[in-house]
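Not measured: the values here are computed from a predicted model. Residue numbering restarts at 1 for every chain, and letters A, B, ... go by the order of the sequence lines.
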Amino acid sequence: MSAQVSLLISDLSWAQPELYVAIFALAGVVLGAVFKDGIAPFLGIVGACVFVAAGIWAFKFQPGDAVALFNGSMVVDSFAGFVKGIIAFCAAATLLLGFDHFSKTKEQRFEFPIMTALAVLGLFVMASANDLITLYVGVELQSLASYVLAAWRRDDAKSSEAGLKYFVLGAISSGLLLFGASYIYGFTGSLRFTEIAAATDGGGFGLLFGLVLLICGLAFKIGAAPFHMWTPDVYEGAPTPVTALFSAAPKMAALALLARVLYEPFAGMADQWKQVIVALSALSMAVGSVAALLQTNMKRLMAYSSIANMGFALMPLASGTPDGAAAALVYMAIYLPTTIGVFALILAMRRDGAFVESIDDLAGLASRRVLMASLMTALLFSLAGIPPLAGFWGKWVAFKAAAEGGLVWLAVLGGVAAVVAAAYYLRVIASMWFKPAGAALQAPSGTTLTTALIGAALSFPILVLALGWLETWARAAVAASF
Amino acid sequence: MTMPGILTLVTFLPAAGAALILLARMAAPGDNPALDRGVRMMTLIVTIATFALNLLALGRFDWGSADFQLVERIPWALGVDYHLGVDGLGMALMLLTTFLMPLCIIASASIEKQVASYMTLFLILETLMLGVFCALDLALFYIFFEGGLIPMFILIGVWGGQRRIYAAFKFFLYTLLGSILMLVAIIVMAITAGTTSIPDLMKYEFGEQMQIWLWLAFFASFAVKMPMWPVHTWLPDAHVEAPTAGSVVLAAILLKMGGYGFLRFSLPMFPDASAYFTPMMFALSVIAIIYTSLVAFRQTDIKKLIAYSSVAHMGFVTLGIFTGTEQGVQGAIFQMISHGVISGALFLCVGVVYDRMHTREIAFYGGLVHRMPVYAAIFMLFTLGNVGLPGLSGFPGEILSIAGAFQANIWVAVGATIGVILAPVYGLTLYRKVAFGKLENPKLKDITDLDPREWVIFIPLVVATIALGLAPVLALDFTAAYADKLVETYRAAVQASGIGAGG
């Protein structure tokens, strides 16, 4: 008995990041019930601090070798630590943006930090999942919180529609995921990743069928084509800070989970799943780039941009090499701050107190608010992958990993997609710089401007100079874990 | 912490100036005429200081050696080094850049809107252009090469002419599509050879089949940048719509990146593929020379005419490079430098009348010699330089390229010579229509001759054109060691593999 207790305590001590977030969420519910919405600002700031603390903890205290917790259902390793660190910072940034936004729209409600915390808890569980049940629990916890967040404006038709759409399509994908998991369980006789790895034995049709369904379910969460249909509508309908949240942390977690599933239990079937990832990557890049060309709404545009970027992030995974997984991590570490920065600037687009979000609203911004326009320009060029901004290095590592895995044609396709994508980023930039100025936008709030400044500073020059460290961390994380 | 080397200082001094402008703007936001004046002055000082530093670097440079000099190398990340260095070719083009930039800044006096942004972008552009010519790491080269698109895109789009937005998009996307194929090729090279260091890659021998693919990918980028027929169509749009200083930078420096790329990468790294594609390059060059000369003749817009003449002149560069002879290569480099000076000067000449009349229609002008004698004389000098009059800098480059072509293939040389005849046809016709004849357009009655500011711009250019024309050795000695070595190693590699047009 006491042995079990000490084991539990030891396990819990490794699960501290999850504990912090869970305790915050539960305490938030109690405090909210007592103090109502007045406590919302407090919860927002404390929540951001808790996320950051959890993220730093996860990043700092990485075990040398992977540690399995709770009878092997979760695992703590360098890979999870790296991923959780990124998730935590993204979530903290988006939480603060939400706090800033809702205080302006007078929608400050105490549930927002709590729901965000629950989503983050789900993301942490996804990053540490070591069996199929944990995988599903993590995905669902995150998804359910996300459905609620998407429908945050209950009285707004678009927001409700976004929530409902997300829920229905999300439920289907969860179904696919669970169905696939049942096949995998049936054919290998185990839920544990380590045991599945031992039982794959080169695959087989049934197992492959299960794996493909599982990948489809996760591809939906990532928003990779052809499972991307929900993204534009949900991005547009959800309140912008919620969209910012969706666009960052969950992508990281879902991609990490996908990498873990592919590289750990199904490493032996790499030749079979590679083709699936190649197809997802190629389709996402093509769809994301082409479909965005005609968008007029910034949030929809960013939705397609995220689809294309997920295509680029999947490209190195398709190589099936450890370097590929490290490259995907580097890509995401560069991509996420940039996209959060763009959303911060979208949140800063206000005219006469009302929030606006179309590309035309940015017309002539450079002659009115040159700092805002310059930041947006830098961030968008980084998303487009134009050097010397950090986004270029994301493309570099992705293309290089693909070429090393013998997928030069995929890199060429990615290059062409990048040129097409550049066209729509340029449209936004052209609107800001080349068009005559319309009615001026209001001065951006301190929070949005700071977030955008940090995002832009990371794009250039911080991440460019720190590229060596980033790469070393990512490689170490992958090497110690898979 | 070691002191940064002289090349780092030259390259990044303009960027430091840009950062300073940004700080000044943060300190004093909003429209501020005093700030604008200060920014103009500071930009001019920074560009002149960059030129001075570059001359200092020149003082430490050994002309006799064909090796990379003033080398700096710091490990960076992902196997890429921060690695700078120059040889004769790189040094010559860096000097051209730093020499022209102060003149561009002086010529930008007519820019009135968003002055601080304009100057910031120009300084960033200068850093990126200089970096291209001294980067000794492929990835670093690509960063500078491609990064230049960002400031140029905004410069054309904000301060350009009527169809500036169209031109800016066309310029950006055209060049990006060309370069991105090169990016994939660079990555493949990095994986195959295990290094991105340019000196190391020059020694690495790629397989023959692979060379062909890599050569094509690099060709896609450089041919667009150069620009070669038939992918030259972005150039007339971009040149015409860009502000005067933007056109000067485009014609004088950005186009040289294509030629630089062929010389730095295609010939030394893929010699077999270069030999294999030589007939194609000859054909494209001759077509470019003849076809675009004819097209230039029919233009009604002065800037467009000069733009097409640039394409024709670049034809001599590609022709010279791919002859694989010392004359050819020397001629090509000389032509690049001379074209940098002359086409830059011609665009500045257009800028002079455009600033006064706000039109570039050839038909609008006529008889300028009566009102602007000095201007007419200077415009004449550069027109004659452009058509290759002996004694001016346009001549040695052409004659050397053609001499090189004669050794390679007589018919190619004949074709190129036809282009030499066509150049005066469009060049002198333009001059006659603009400067000579009666002054009939009443709007031109009060047009004024050059003011002191414009004198300052043109004097260095006139001196350079005449000096390079009378004493071509000034530049030829400079690049002789480089060209010797390039041709020697190229010939040896081609002979070893047994491909090629040879002699």
### Query
Do you know the tightest heavy-atom contact between B:L176 and A:A418?
CD2-O, 4.5 Å
### Where A:K400 and B:I187 come nearest, the two heavy atoms and their spacing
CA-CG2, 3.4 Å
### Engaged part of A:E404 at the chain B interface, taking heavy atoms whose separation is under 4.5 Å
both
### Message
Quick check: A:W433 with B:W159 (ring centres under 6.0 Å apart)?
### Response
no
### Contact origin within A:V370 toward chain B - heavy atom pairs under 4.5 Å
side chain
### Task
Under 4.5 Å heavy-atom distance to chain A, tell me which part of B:A168 shows up: side chain, backbone, both or neither.
side chain
### Query
A:F399 versus B:V188: any side-chain heavy-atom pair under 4.5 Å?
no
### Query
Any donor and acceptor pair, going by atom type alone, linking the side chain of B:W76 with main-chain N or O of A:V464 inside 3.5 Å?
yes
### Closest approach of B:L173 to A:V419 (non-hydrogen atoms, all atoms of both residues)
CD2-O, 3.7 Å
### Task
Would you mind telling me which of B:G160, B:G148, B:G147 has the largest number of heavy-atom pairs within less than 4.5 Å of chain A?
B:G147
### Query
Out of B:A139, B:G157, B:S117, which one racks up the most heavy-atom pairs below 4.5 Å with chain A?
B:G157
### Query
Who wins among B:Y142, B:F172, B:F144 for the most heavy-atom pairs under 4.5 Å with chain A?
B:F172
### Query
Do the non-hydrogen side-chain atoms of A:F392 and B:E146 ever get within less than 4.5 Å of each other?
no
## Note on the structure
Shortest non-hydrogen pair, A:A366 vs B:Q114, comes out as O-OE1, 4.0 Å
### Task
Measure B:L181 against the heavy atoms of chain A and call it side chain, backbone, both or neither at under 4.5 Å.
side chain
### Query
B:V158 versus chain A, heavy atoms under 4.5 Å apart: side chain, backbone, both or neither?
both
### Shortest non-hydrogen separation from A:G468 to B:A77 and the atoms involved
N-CB, 3.2 Å
## Note on the structure
Okay, A:L371 and chain B: the region with an atom under 4.5 Å from a heavy atom over there is side chain
## Note on the structure
Taken to the nearest 0.5 Å, the spacing of A:T377 OG1 from B:I150 CD1 works out to 9.5 Å
### Engaged part of B:I180 at the chain A interface, taking heavy atoms whose separation is under 4.5 Å
side chain
### Residue among A:L426, A:L470, A:L467 with most heavy-atom pairs under 4.5 Å to chain B
A:L426
### Message
Angle between ring planes, B:F153 versus A:F434, binned at 30° and 60°: parallel, tilted or perpendicular?
### Response
tilted
### Message
Which one wins on heavy-atom pair count under 4.5 Å against chain B: A:R427, A:R368, A:K395, A:E471?
### Response
A:E471
## Note on the structure
Note: vs chain A, highest number of non-hydrogen pairs under 4.5 angstrom among B:I191, B:T192, B:I186, B:I165 is B:I191
### Query
What part of A:R369 is in contact with chain B, defined as an atom under 4.5 angstrom from a non-hydrogen atom: side chain, backbone, both or neither?
neither
### Query
If you look at every heavy atom in A:P388 and B:I143, which pair is closest and at what distance?
CB-CG2, 3.6 Å
### Toward chain B, the part of A:W396 with a non-hydrogen atom under 4.5 Å
both
